[in-house]
Amino acid sequence: MARLRIGVLVSGRGSNLQALIDSTKAGKLDAEIALVISDVADAFALERTRTEGIPGRYVDPGPRRSRLSEDAEAEIITTLDEARVDLVALAGFMRILSPAFVRHFKGRMLNIHPSLLPSFPGLHVQQQALDYGVKFSGCTVHFVDEGVDSGPIIIQAAVPVLDGDTEETLAARILREEHRIYTEAIKLFGEGRLKIEGRRVTVLP
Ligand code: GAR
């Protein structure tokens with residue numbers, strides 16, 4: 001396959017975006033971040049695109065809190081298609097996408113989530129893990145399907161939950177692993193080595 005073209009969807013700080021940019025620059029990932037789209041106008045992630053000279057764009061999400069408007073989704077699909085992206089990577093993108101949007105990018109849209117799915121889908125998941133009292137948490141890279149944080153799992157990494165952890169300290173420990181496994185999963189995708197069979201994803205040699 002030619003160099004993988006990635007479209008990244010963000011809503012905030014963009015440290016996962018930065019990790020992907022750094023991986024491409026370091027030659028760890030044979031890919032190009034073709035476009036970054038944010039549903040938040042002043043997301044720091046967009047600042048990063050300006051620093052890095054990568055195309056970045058804000059799309060007005062519309063009035064709803066957890067989902068995009070139809071217009072916003074249509075605009076994002078057109079923009080990603082025009083940028084000829086091979087893969088859509090959700091990196092701290094905080095809205096639920098419609099089934100039609102998910103179908104459009106079926107098999108070529110990934111998400112990173114800061115828990116060991118299927119435990120703790122949704123929001124504030126590090127706090128959920130602390131409240132539940134689990135001894136390990138972690139992160140998951142998965143294909144996006146029509147549910148919430150429910151698609152076939154590609155890679156997970158576990159971290160211990162330590163006595164005295166706060167939401168912030170646990171999130172930081174998990175984040176270090178996120179930065180590592182997102183690159184790894186995208187590398188496997190780019191090499192055409194991910195085979196999905198039902199819920200199971202196997203890595204081809
Ligand atoms: C990351 O921890 C990511 O896994 C999480 O938001 C954070 C974004 O950080 N995503 C979700 O919770 C998606 N439901 P970042 O903007 O620094 O990459």
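Distance check, rounded to the nearest 0.5 Å: OG1 of T140 to CG of N111 gives 9.5 Å. The CD1 atom of I181 sits 11.0 Å away from atom CG of L188, with the distance rounded to the nearest 0.5 Å. In this structure, the separation between CG on L130 and OG on S137 is 8.5 Å, given to the nearest 0.5 Å. Note that the CG atom of L17 and the OG1 atom of T49 stand 7.5 Å from one another [nearest 0.5 Å]. The CD atom of Q127 lies 10.5 Å from the CG atom of D165; values are rounded to the nearest 0.5 Å. Of the inter-residue distances, the one linking I96 atom CD1 with R65 atom CZ reads 9.5 Å to the nearest 0.5 angstrom.
R5 has no carboxylate O lying under 4.0 Å from a charged side-chain N of D86, or vice versa, which leaves the two without a salt bridge. Between K106 and E146 there is no salt bridge, since no side-chain nitrogen of the basic residue lies less than 4.0 Å from a carboxylate oxygen of the acidic one.
At least one side-chain heavy atom of I76 sits less than 4.5 Å from a side-chain heavy atom of L68. The closest side-chain heavy-atom distance from I174 to Q126 is below 4.5 Å. Side-chain contact between V40 and D42 is present, with heavy atoms from C-beta onward closer than 4.5 Å. P55 places none of its side-chain heavy atoms less than 4.5 Å from the side chain of V36. No side-chain heavy atom of I6 sits under 4.5 Å from any side-chain heavy atom of E32. Contact annotation: the side chain of Q128 approaches that of V125 to within less than 4.5 Å [non-hydrogen atoms, C-beta and beyond]. Between D30 and R3 the shortest side-chain heavy-atom distance falls below 4.5 Å. Counting heavy atoms from C-beta outward, L80 and L9 have side chains that approach closer than 4.5 Å.
With sequence neighbours left out, E47 forms a salt bridge (Lys or Arg N to Asp or Glu O under 4.0 Å) with R50. In this structure, E73 has no salt bridge (Lys or Arg N to Asp or Glu O under 4.0 Å) partners at least two apart in sequence or on a different chain.
Shortest non-hydrogen contact noted between R64 and S69 is NH2-CA, 4.0 Å. Closest heavy-atom contact between A45 and G14: CB-CA, 3.8 Å. Between T183 and S23, the shortest heavy-atom contact is OG1-OG, 2.7 Å. Annotation for D81 and R108: closest pair OD1-NH2, 4.4 Å, computed over non-hydrogen atoms. Between P160 and R173, the shortest heavy-atom contact is O-NH1, 2.9 Å. Considering all non-hydrogen atoms of both residues, A158 and L116 come closest at CB-CD1, 4.2 Å.
Under the 4.5 Å side-chain heavy-atom criterion for ILVMFWY residues, no single connected hydrophobic cluster contains both L117 and I196. In the hydrophobic cluster analysis, where Ile, Leu, Val, Met, Phe, Trp and Tyr join through side-chain heavy atoms closer than 4.5 angstrom, V201 is grouped together with Y182. Hydrophobic clustering (side-chain heavy atoms under 4.5 Å, transitive across Ile, Leu, Val, Met, Phe, Trp, Tyr) keeps F143 apart from L97. L35 and I33 end up in different hydrophobic clusters when Ile, Leu, Val, Met, Phe, Trp and Tyr side chains are linked at under 4.5 Å. Cluster annotation: L90 is not connected to V141 through the hydrophobic network of ILVMFWY side chains, with a link wherever side-chain heavy atoms come within less than 4.5 Å.
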Q | Working for side chain to side chain contact (heavy atoms under 4.5 Å, CB included), residues V10 and I37 | A | CA-CA 6 Å; V10 295; I37 295 176; over 6 Å; no

Q: Kindly determine whether L4 and I186 satisfy side chain to side chain contact (heavy atoms under 4.5 Å, CB included), including the steps that lead there.
A: CA-CA 9 Å; L4 189 75; I186 291 176; 3.8 Å; yes

(Q) I'd like to know whether H142 forms a side chain to side chain contact (heavy atoms under 4.5 Å, CB included) with D149, so could you lay out the CA-CA distance, the side-chain angles of the two residues, the decisive distance to 0.1 Å, and finally the verdict. (A) CA-CA 8 Å; H142 63 92; D149 300 325; 4.1 Å; yes

Q: Determine, step by step, whether L87 and M109 satisfy the side chain to side chain contact (heavy atoms under 4.5 Å, CB included) criterion, reporting the C-alpha distance in whole Å, the side-chain angles of both residues, the deciding distance to 0.1 Å, and the verdict.
A: CA-CA 6 Å; L87 175 72; M109 179 154 62; 5.9 Å; no

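Applying the ring-ring contact (aromatic ring centres under 6.0 Å, His included) test to residues at least two apart or on different chains, the pairs with a partner in residues 71-114 are F101-F105. Screening residues 6-21 for side chain to side chain donor-acceptor pair (under 3.5 Å) gives S11-D39, S15-H179, N16-E178, Q18-D22, Q18-R48, Q18-E52 as the qualifying pairs, with residues at least two apart or on separate chains. Among residues at least two apart or in separate chains, side chain to side chain donor-acceptor pair (under 3.5 Å) pairs with a member in residues 192-205 are E191-R193.
Side-chain atoms of T169 come within 3.5 Å of backbone N or O of T166 as a donor-acceptor pair. Judged by distance alone, with hydrogens and angles left aside, the side-chain atoms of R57 form no donor-acceptor pair with the main-chain N or O of S38 at under 3.5 Å. A donor-acceptor pair is defined here as one N or O able to donate and one able to accept, closer than 3.5 Å; such a pair exists between the side chain of S115 and the backbone of F120.
Through side-chain heavy atoms spaced under 4.5 Å, either directly or across other Ile, Leu, Val, Met, Phe, Trp or Tyr residues, M94 is tied to L123.
Atom OH of Y58 is surrounded by more than 12 heavy atoms from other residues, nucleotides or ligands within 6.0 Å.
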